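Scroll down for the structure; my scribbles are underneath it.
Letters go in sequence order (proteins before strands), and every chain restarts at 1. Note that the coordinates shown come from a computational prediction; the quantities given were computed from them, not determined experimentally.
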2 protein chains.
Amino acid sequence: MNVSALEEYGLRCAVQLASLAEGETLSAPEIAEREGLSIEYVSKFMLLLKRASLVRTVRGMKGGFALTRLPEEISLKDVFDALSNKRKAQDEFCKSFAGKSETCVRSSACTIRPFWEILSLYVEEFTTKMTLRDLIQSEQVTLNKTRNIAQANVEQYRKLKEMNA
Amino acid sequence: MNVSALEEYGLRCAVQLASLAEGETLSAPEIAEREGLSIEYVSKFMLLLKRASLVRTVRGMKGGFALTRLPEEISLKDVFDALSNKRKAQDEFCKSFAGKSETCVRSSACTIRPFWEILSLYVEEFTTKMTLRDLIQSEQVTLNKTRNIAQANVEQYRKLKEMNA
DNA sequence: TTAAAACAATACTTTTTTGTACGGATTTGG
DNA sequence: CCAAATCCGTACAAAAAAGTATTGTTTTAA
C-alpha cells in the first residue's frame, strides 16, 4: 500500500501554490527549485492539475501557475484524482483482474472485497476531509490535529471490536 | 494510493489457507486453480509468505502449504509486510527522494510529512486489527463490521473537526 | 528404482511507471 | 520585430513491477 510518485510530487507542487497571495503565480522553474525536482517533471504534474481544473496558468514570459480555488476548497482527494493515471471505479474492482480466468473467479465469493471497500473508504474519507489549507499550517499544528484524529479513531475501533466480540 | 499486485494476490492466497482444517495443506496448483492465477505466480507469493514464517510447507508429492498460526493470529499487516518488496521505515521517509538535491529540500519544513504519517497510521491501524479470520466470515458479516468501523471513524472525525474549528 | 507431483529458487520477458528531452506556441519587453 | 522566458504536449529512455520459464530438490508410490 503506497502512494505513487506522481501523487506525491504532484501534491507537493500543489501545496507550493497554496500559499500564494491572490493574483500571484509561481512558475515551473520556481516550483522545481523549491522542491528540488526537474523543471520538465514539474511541468508534467502541472499539466495534469490544469486538466483537472485545479490549476490555472498564465503563459508567456511572466507566466506561471495558481490554484483555481482557495486552498481550503481543494481536497487532497481532488489532487490525487487529478494525478492518478486511471481511476478504478469501485464497481470495476473485480474486472481489472490479471489472472487466467475470463471471469473473475472471486465474483461469487470475493473474500477480500469487503476489506478493500472499507480500506478505500477509510482512505477516501481522510483525503476528502484534508485540504491543501491543512497542509500549509505549521507542521506542529498539522501533526497535532492529525494525531488526534488517529487516536480517536483507534479508540473508537477498539470499543466497536469489544462490542462485537 | 493503491495496493500492489503482490499484496493483493498474496493476500488472496493467504486467505485460501485460512479456511483449512488442522493438519491440512493446499498445493500451489490448487490455490492457482481457485484464484485463477498461474502456478508459478502463486509459488512466488508462497515463497515470500514462507520466508516471513507465516506459512509452512510440505515438500514432495503430497505437499502443500499451511498457515503457521491460526487465522485470527495473522493480521493483514503481517501479510502485507511479508509481500511488500521493501518496507520504508517511517524515519526513512524523506531519504528516499527522487529529486535532484543531495539533501531532501523538504527536511526543514516538509509540508506533507504530517499527512503521510497520519495516513500511514490510519492504514496501519486498520490492517493490524483485521485478521485473516475476519476475511473468511461471510461477505455480509464482514461488510457490516467494516462499514460500522468506517462510519464510527467518520463521525468521530467530524466531531473533532468541529471542536478544532 | 523410477516416475510423477510438488516445493525452491533464480533468471528472464513483458508491461507499467518514472523521469527526461525536445520542438512548438504564447507573452513580455527592448 | 525579435529575443527571452514560459507554458504545452508528445515522444522517448530508464527503472521498477508484474508475470513467466526453467532447472533443481524432495517426497510419494508403484
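Rounding to whole angstrom units, CG of residue A/Leu37 and P of C/dT20 are separated by 8 Å. If you measure from atom CD of B/Glu33 to atom C1' of C/dA5, you get 16 Å, rounded to the nearest angstrom. Between the NZ atom of B/Lys44 and the P atom of C/dT13 there is a distance of 14 Å, rounded to whole Å. The distance between atom CD of B/Glu35 and atom P of D/dG19, rounded to the nearest whole Å, is 14 Å. When rounded to the nearest whole Å, the span between CZ of B/Phe45 and P of D/dG19 equals 7 Å. Between A/Tyr41 atom OH and D/dC7 atom C1' there is a gap of 19 Å when expressed in whole angstrom units. In this structure, A/Ile39 places its CD1 atom 16 Å from P of C/dG19, rounding to the nearest Å. The interatomic distance linking A/Leu6 (CG) with C/dT20 (C1') rounds to 14 Å, in whole Å.
When each of B/Gly60 and A/Met61 is assigned the nucleotide of DNA chain D with its nearest heavy atom, A/Met61 is the one assigned upstream, toward the 5' end. In this structure, A/Ala5 and A/Lys62 both approach DNA chain C, and ranking their closest nucleotides by distance from the 5' end singles out A/Ala5.
Without hydrogens or angle criteria, A/Thr68 side chain to A/Leu54 main chain gives a donor-acceptor distance under 3.5 Å. Checked by atom type and distance alone, the side chain of B/Glu7 pairs as donor or acceptor with a backbone atom of A/Met1 at under 3.5 Å. Side-chain atoms of B/Asp78 come within 3.5 Å of backbone N or O of B/Ser75 as a donor-acceptor pair.
Looking at residues two or more places apart in sequence or on another chain, you find no salt bridge (charged side-chain N to carboxylate O under 4.0 Å, His left out) involving A/Arg59. For B/Glu73, there are no side-chain hydrogen bond (donor to acceptor under 3.5 Å, both in side chains) partners, not counting sequence neighbours. Applying the ring-ring contact (aromatic ring centres under 6.0 Å, His included) criterion to B/Phe45, with sequence neighbours excluded, gives B/Tyr41.
Listed by residue number, the members of residues 47-59 of chain B with any heavy atom below 4.0 angstrom from DNA chain C are B/Leu47, B/Lys50, B/Arg51, B/Thr57, B/Val58, B/Arg59. Residues from residues 21-29 of chain B placing a heavy atom under 4.0 Å of any atom in DNA chain D do not occur.
Taking only side-chain nitrogens and oxygens, B/Ser38 comes nearer than 4.0 Å to OP1 or OP2 of D/dT20.
For the residue pair B/Ser27/B/Glu30, the side-chain donor-acceptor check at 3.5 Å is satisfied.
The side chain of B/Ser4 approaches D/dA18 more closely than any other nucleotide in the set D/dG19, C/dT18, D/dA18.
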Please tabulate, one pair per line, all N/O donor-acceptor pairs under 3.5 Å involving side-chain atoms of residues 18-26 of chain A, not counting sequence neighbours.
residue : atom : partner : partner atom : Å
A/Ser19 : OG   : A/Gln16 : O            : 3.4
A/Glu24 : OE1  : A/Ala21 : N            : 2.8

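In the hydrophobic clustering of ILVMFWY residues, with side-chain heavy atoms under 4.5 Å counting as a link, B/Leu67 and B/Leu11 come out together.
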